[in-house]
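Quick caveat: nothing in here was measured; it's all calculated off a predicted structure.
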Amino acid sequence: MPNPTAYVLVHGAWHDGQSWNRVTPLLTAHGHRVLTPSLTGHGDKAHLLGPEVGLTTHVDDIVGLILDQDVHDIVLVGHSYAGMVVSGVANRVPERVAHLVYLDAMVPTHGENAIDVMPFTQALIDGAAESAQPWRIPPLPELPAPFGLFGVTDPDDIAWLRTTLGDESVRCFQQPVEMDNPAQALIPRSHILCVGNEPAGVTRRPIPETQPNGEPSRVHELTSGHDSMIIKPAELSALLLETA
């Protein structure tokens, strides 16, 4: 594949586009364009968070960005929950996407939601149901070492990460993804798994041996906590450049 004109990096639940700050310059140094939008309800769009915000909202965010910026031959990267988002985006604009990358991400099939892919998500929804605003789920708490905050353990990095985190709408985890466009199945895809310190109770769905397009699955392992873009930006960037 020729060098892509753009990487579109999509953050996971509770995060915002700033999570890619350390990766962006490492990709632009190779001449690539990099877009790191914040999804509705996060970052510069935090004020738009409401119970109506869902997976479809976030798919619309990225599709709108791609069309507004008129980018093609995209390497579309989804971290964590954003595996759901990029799957929906690929279904909507497959002609714009050259490669899909699932970064320690949810990997759905047509009609599934986040609960189907990662059942522990239901416990988060149940916990929110007992709060004054049952439609919003606060960020996961910091865990004792070596797990940290989304895998981040450096105290300065944790302090910075906290300033970027925000609540997530329950609807994001409940809405099913649409993946019924045959063209999306033809898009090559890679999986980057963060390994080494997986919290108990969080299980990852096995990656199928074959991609939807019939090619063998491309799976890379990165020794890192979940937020590898903060913890291991150089190593992650090298893998992203390889997948292109």
Side-chain angles (χ1 to χ4, degrees), residues 1-13 15 17 19-28 30-37 39 58-59 61-63 65-66 71-109 114 117-118 150-151 177 179 183-195 204-213 215-244:
M1 189 186 81
N3 285 339
T5 55
Y7 280 83
V8 178
L9 311 180
V10 187
H11 64 80
H15 292 61
S19 62
W20 304 102
N21 282 359
R22 293 176 178 175
V23 170
T24 297
L26 301 178
L27 298 178
T28 58
H30 287 264
H32 300 297
R33 185 180 180 189
V34 180
L35 302 176
T36 59
L39 299 172
H58 292 161
V59 172
D61 288 340
I62 304 304
V63 170
L65 174 77
I66 289 170
V71 286
H72 299 261
D73 297 323
I74 298 164
V75 174
L76 181 59
V77 182
H79 176 239
S80 196
Y81 154 76
M84 306 290 297
V85 179
V86 299
S87 297
V89 172
N91 198 68
R92 292 265 299 276
V93 287
E95 71 283 357
R96 300 292 185 112
V97 182
H99 201 105
L100 274 171
V101 180
Y102 292 87
L103 173 58
D104 219 31
M106 297 181 180
V107 184
T109 57
V117 179
M118 192 164 285
F150 294 100
V177 66
M179 299 178 66
Q184 63 82 25
L186 302 178
I187 301 170
R189 55 199 70 196
S190 297
H191 303 266
I192 301 175
L193 308 181
C194 297
V195 300
R204 179 186 290 122
R205 174 181 284 184
I207 304 301
E209 293 185 4
T210 305
Q211 300 183 49
N213 65 2
E215 297 178 2
S217 290
R218 308 178 192 183
V219 181
H220 307 267
E221 291 191 347
L222 178 59
T223 302
S224 172
H226 185 56
D227 279 3
S228 55
M229 68 287 293
I230 297 170
I231 305 163
K232 294 280 186 77
E235 294 85 348
L236 173 58
S237 297
L239 287 175
L240 292 178
L241 291 166
E242 281 184 28
T243 61

Is the shortest heavy-atom distance from the side chain of Leu186 to the side chain of Pro94 under 4.5 Å? no
Do His30 side-chain atoms and Leu241 backbone N/O form a donor-acceptor pair below 3.5 Å? no
Please report the shortest heavy-atom distance between Arg204 and Asp104, naming the atom on each side. NH2-OD1, 2.6 Å
Check whether any side-chain heavy atom of Glu215 lies under 4.5 Å from a side-chain heavy atom of Arg189, and answer yes or no. no
Do the side chain of Ser217 and the main chain of Pro208 share a donor and acceptor less than 3.5 angstrom apart? yes
Atom NE2 in His58, atom CG in Leu39: separation rounded to 0.5 Å? 4.5 Å
Where does the angle between the aromatic ring planes of His15 and Phe150 fall among parallel (under 30°), tilted (30 to 60°) and perpendicular (over 60°)? perpendicular
Measure across His79 and Asp227 and return the closest heavy-atom pair with its distance rounded to 0.1 Å. CE1-OD1, 3.1 Å
Crowding at CD, Glu209 (>12 non-hydrogen neighbours, <6.0 Å): no
Donor-acceptor pair, side chain of Gln211 and main chain of Pro216, under 3.5 angstrom: yes
Point-to-point distance, once rounded to the nearest 0.5 Å, from CE of Met179 to CE of Met84: 8.5 Å
From Leu240 atom CG to Met229 atom CE, the distance as rounded to the nearest 0.5 Å: 9.0 Å
Roughly how far apart are Leu103 CG and Leu222 CG, rounded to 0.5 Å? 8.0 Å
